[in-house]
**Q** 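I'd like to ask you about the structure that follows.
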Amino acid sequence: MTLPRTLELLADLIAFETVSADSNLEMISYLTERLEALGARCIVTRDKTGTKANVFATIGPDQPGGILLSGHTDVVPVADQDWTTDPFKLAESDGKLYGRGTCDMKGFIAAAVAFGETLDVGKLTQPLHFAFTYDEEVGCLGAQTLVDDLSERGIVPDIAIIGEPTEMRVIEGHKGCFECTTRFTGLEGHSSAPDDGVNAAEYAARYISKLLELRHILKSRAPADSRFEPPWTTVNIGQISGGVAHNVIASKAEVLWEMRPVQASDADLVKKTLADYVEHSLLPEMQAVHSDSNITQEAIAEVEGLEPMEENAARDLVAELTGANGTGVVAFATEAGLFQKLGVHAIVCGPGSIAQAHKADEFLEIEQLDMCCRMLTRLGHRLTR
């Protein structure tokens with residue numbers, strides 16, 4: 001049984017305070033040591049700051065394809081949350097495991113490593129990969145770096161299982177999440193002479209109007225068989241700011257907005273429409289009055305959606321391993337879409353409930369973790385001869 005060992009590993013992992021704002025290097029070093037002890041071939045890649053890292057590890061034959069078990073190492077903050085236990089010390093009570101990251105998603109990582117320790121690596125008939133990433137909670141930044149690196153190296157697993165908390169349900173689809181900040185720079189002046197300035201707030205308003213037009217268009221593009229709720233790509237205006245006073249032409253404005261596409265073509269439509277609108281309409285008007293006027297856009301996060309596919313070997317495999325009679329889709333985003341874009345058949349399936357994630361007293365039911373361990377044990381039977 002791998003559950004006892006999984007609990008030991010989970011206690012160690014919870015003790016690493018890998019809040020996204022902080023370094024995850026100690027946890028990555030710990031995981032790399034555990035994986036190398038299995039004989040894994042490990043690739044560690046760091047971000048530009050050198051304070052964050054991914055580890056990608058492989059055991060088994062050195063050949064294309066294989067199965068990937070993936071999870072993120074970062075967790076959300078505990079500041080201003082009223083915890084009844086130490087969030088970075090695993091605590092057990094009434095069949096539940098408490099601690100930051102227990103369900104999201106160090107429980108799955110612990111189960112994956114414990115599973116690896118049970119295998120006779122020499123008997124594996126195909127590669128078994130492990131991918132543990134940084135900064136998923138702030139835009140899947142580590143997974144984007146990892147996928148780019150795998151693409152350059154020509155490493156494309158056949159199947160990826162992303163162990164986000166789904167209560168061990170097989171999830172074959174989720175929307176993407178694109179968070180953007182658009183900034184407008186104009187020319188200030190007295191409000192009595194509006195034509196002598198460039199009102200950044202007014203151009204921001206026109207930009208928002210275009211976004212709202214796109215929102216209407218996107219509703220009409222909802223796939224007929226969409227299982228999402230709502231079934232179309234959504235657009236949300238999260239924050240608008242700019243200007244300093246009633247009687248001053250606003251020289252600065254900022255719009256924070258997001259979209260959650262159900263299909264990649266919707267995201268492409270929004271991006272292209274906005275880029276064309278800025279380049280051919282808004283900017284020429286602004287710069288005709290003041291040449292230094294500008295509109296810039298910062299992508300805060302670009303998380304690819306996981307699009308349900310008619311043929312999905314990952315879905316079929318995990319449904320068989322779990323005994324699931326059906327599959328679902330979810331509203332929250334994961335790293336699965338990035339692996340799908342690489343050409344991997346991907347699904348999301350892991351222990352715990354998303355309802356417990358990000359909250360004070362986050363917990364994972366031991367029964368859920370045991371279900372995950374048993375699923376991985378059955379996977380081991382499939383992978384060894």
Side-chain angles (χ1 to χ4, degrees), residues 1-40 42-44 46 51-57 59 69-78 83-93 95-119 121 128-137 142 161-165 350-352 356-358 360-377 380:
M1 292 292 292
T2 60
L3 181 60
R5 177 55 176 158
T6 297
L7 293 173
E8 293 176 1
L9 292 172
L10 180 56
D12 290 345
L13 298 183
I14 296 301
F16 292 110
E17 299 185 18
T18 52
V19 174
S20 300
D22 302 322
S23 175
N24 74 333
L25 293 184
E26 288 187 5
M27 181 171 166
I28 289 296
S29 177
Y30 173 91
L31 290 170
T32 302
E33 288 180 11
R34 302 282 83 72
L35 293 165
E36 287 180 340
L38 309 179
C42 294
I43 302 170
V44 176
R46 296 197 180 194
T51 63
K52 308 284 185 71
N54 303 313
V55 59
F56 181 85
I59 58 176
L69 304 177
S70 179
H72 63 82
T73 63
D74 61 316
V75 298
V76 298
V78 298
W83 283 72
T84 57
T85 64
D86 183 341
F88 296 108
K89 184 176 181 180
L90 188 66
E92 179 182 341
S93 178
K96 298 175 182 177
L97 302 165
Y98 291 88
R100 174 55 86 221
T102 47
C103 75
D104 188 19
M105 56 182 296
K106 293 181 178 180
F108 179 79
I109 294 175
V113 176
F115 163 61
E117 292 178 350
T118 68
L119 295 172
V121 175
L128 177 63
H129 308 285
F130 304 84
F132 304 131
T133 61
Y134 66 86
D135 284 0
E136 186 272 348
E137 298 290 2
I161 303 170
I162 291 78
E164 291 277 9
Q356 308 307 327
H358 299 193
D361 291 340
E362 175 183 344
F363 69 81
L364 171 63
E365 293 182 350
I366 294 177
E367 181 182 6
Q368 283 279 309
L369 192 58
D370 187 43
M371 289 172 62
C372 180
C373 291
R374 286 187 275 120
M375 177 194 76
L376 293 174
T377 297

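What you are looking at is a predicted structure, and each value in this text was computed from that prediction instead of being measured.
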**Q** What's the spacing between Lys96 NZ and Ser93 OG if we round to 0.5 Å?
**A**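 Output value for this atom pair is 8.5 Å.
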**Q** Spell out, as yes or no, whether a donor-acceptor pair under 3.5 Å connects the side chain of Gln368 to the backbone of Pro351.
**A** no
**Q** Check whether Asn24 reaches the backbone of Asp74 with its side chain - one donor and one acceptor, N or O, closer than 3.5 Å.
**A**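 No, Asn24 side chain to Asp74 backbone: no donor-acceptor pair under 3.5 Å.
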**Q** Between atom SG of Cys42 and atom CZ of Phe56, what is the distance when rounded to the nearest 0.5 Å?
**A** 10.0 Å
**Q** Can you tell if the side chain of Leu364 reaches within under 4.5 Å of the side chain of Phe108, non-hydrogen atoms only?
**A** no
**Q** Return the orientation label for the Phe363 and Tyr98 ring planes: parallel under 30°, perpendicular over 60°, tilted otherwise.
**A**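 Tilted, since the angle between the ring planes falls between 30° and 60°.
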**Q** Is a donor on one side and an acceptor on the other found under 3.5 Å between the side chain of Ser23 and the backbone of Thr51?
**A** yes
**Q** At what distance, to the nearest 0.5 angstrom, does CG of Leu90 lie from CG of Leu9?
**A**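 Separation between the atoms: 11.5 Å.
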**Q** Do the side chains of Glu117 and Leu38 get nearer than 4.5 Å, heavy atoms only?
**A** yes
**Q** Looking at every non-hydrogen atom in both residues, tell me the closest pair between Thr6 and Cys373 and how far apart they are.
**A**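 Closest approach of Thr6 to Cys373, heavy atoms only: OG1-SG, 3.4 Å.
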**Q** About how many Å separate OG1 of Thr2 and CG of Leu7, when rounded to the nearest 0.5 Å?
**A** 9.5 Å
**Q** How long is the gap from OG on Ser20 to NZ on Lys52, to the nearest 0.5 Å?
**A**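 Going from OG on Ser20 over to NZ on Lys52, the span is 6.0 Å.
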**Q** My understanding is that only one of Glu17, Glu137, Glu362 makes a salt bridge (charged side-chain N to carboxylate O under 4.0 Å, His left out) with Arg100; could you say which?
**A** Glu362
**Q** Do Leu31 and Thr73 have side-chain heavy atoms sitting under 4.5 Å apart?
**A**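 Contact flag for Leu31/Thr73 side chains = yes.
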**Q** Is the side chain of Ser29 donor-acceptor paired with the backbone N or O of Leu25 at a distance under 3.5 Å, no angle test?
**A** no
**Q** Would you say Asp104's side chain and His358's backbone share a donor-acceptor pair under 3.5 angstrom?
**A**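 Between the backbone of His358 and the side chain of Asp104 there is no qualifying donor-acceptor contact (under 3.5 Å).
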**Q** Taking the side chain as everything from C-beta on, heavy atoms only, tell me whether Glu136 gets closer than 4.5 Å to Glu164.
**A** yes
**Q** Ignoring hydrogens, what is the shortest heavy-atom contact between Met105 and Gly71? Give both atom names and the distance.
**A** CE-CA, 3.4 Å
**Q** Please say whether more than 12 non-hydrogen atoms of neighbouring residues, nucleotides or ligands are located less than 6.0 Å from CD in Glu8.
**A**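 It does: Glu8 CD has more than 12 such atoms within range.
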**Q** Under a 4.5 Å cut-off applied to non-hydrogen side-chain atoms, are Ile28 and Phe16 in contact?
**A** no
**Q** Looking at Gly99, is its backbone amide N or carbonyl O close enough to the side chain of Lys106 to form a donor-acceptor pair, meaning the two atoms are under 3.5 Å apart?
**A**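 Not at all, since once roles are kept as given, no pair shorter than 3.5 Å links the two residues.
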**Q** At their closest point, which heavy atom of Leu119 faces which heavy atom of Gly380, and how far apart are they?
**A**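 Taking every non-hydrogen atom into account, CD2-CA, 4.0 Å.
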**Q** Measure the CG-CZ distance between Leu13 and Arg34 for me, rounded to the nearest 0.5 Å.
**A** 9.5 Å
**Q** Report yes if some heavy atom in the side chain of Ile59 is under 4.5 Å from a heavy atom in the side chain of Phe130; otherwise report no.
**A**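 Heavy-atom side-chain distance check passes, below 4.5 Å.
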**Q** Mind checking whether Leu376 and Thr118 have side chains closer than 4.5 Å, heavy atoms only?
**A**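 No, their side chains stay 4.5 Å or more apart.
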**Q** Any non-hydrogen side-chain atom of Thr102 less than 4.5 Å from a side-chain atom of Leu369?
**A** no
**Q** Taking all heavy atoms of Asp12 and all of Tyr30, pick out the closest pair and write down the distance.
**A**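 Taking Asp12 first and Tyr30 second, the nearest heavy atoms are OD2-OH, 2.6 Å.
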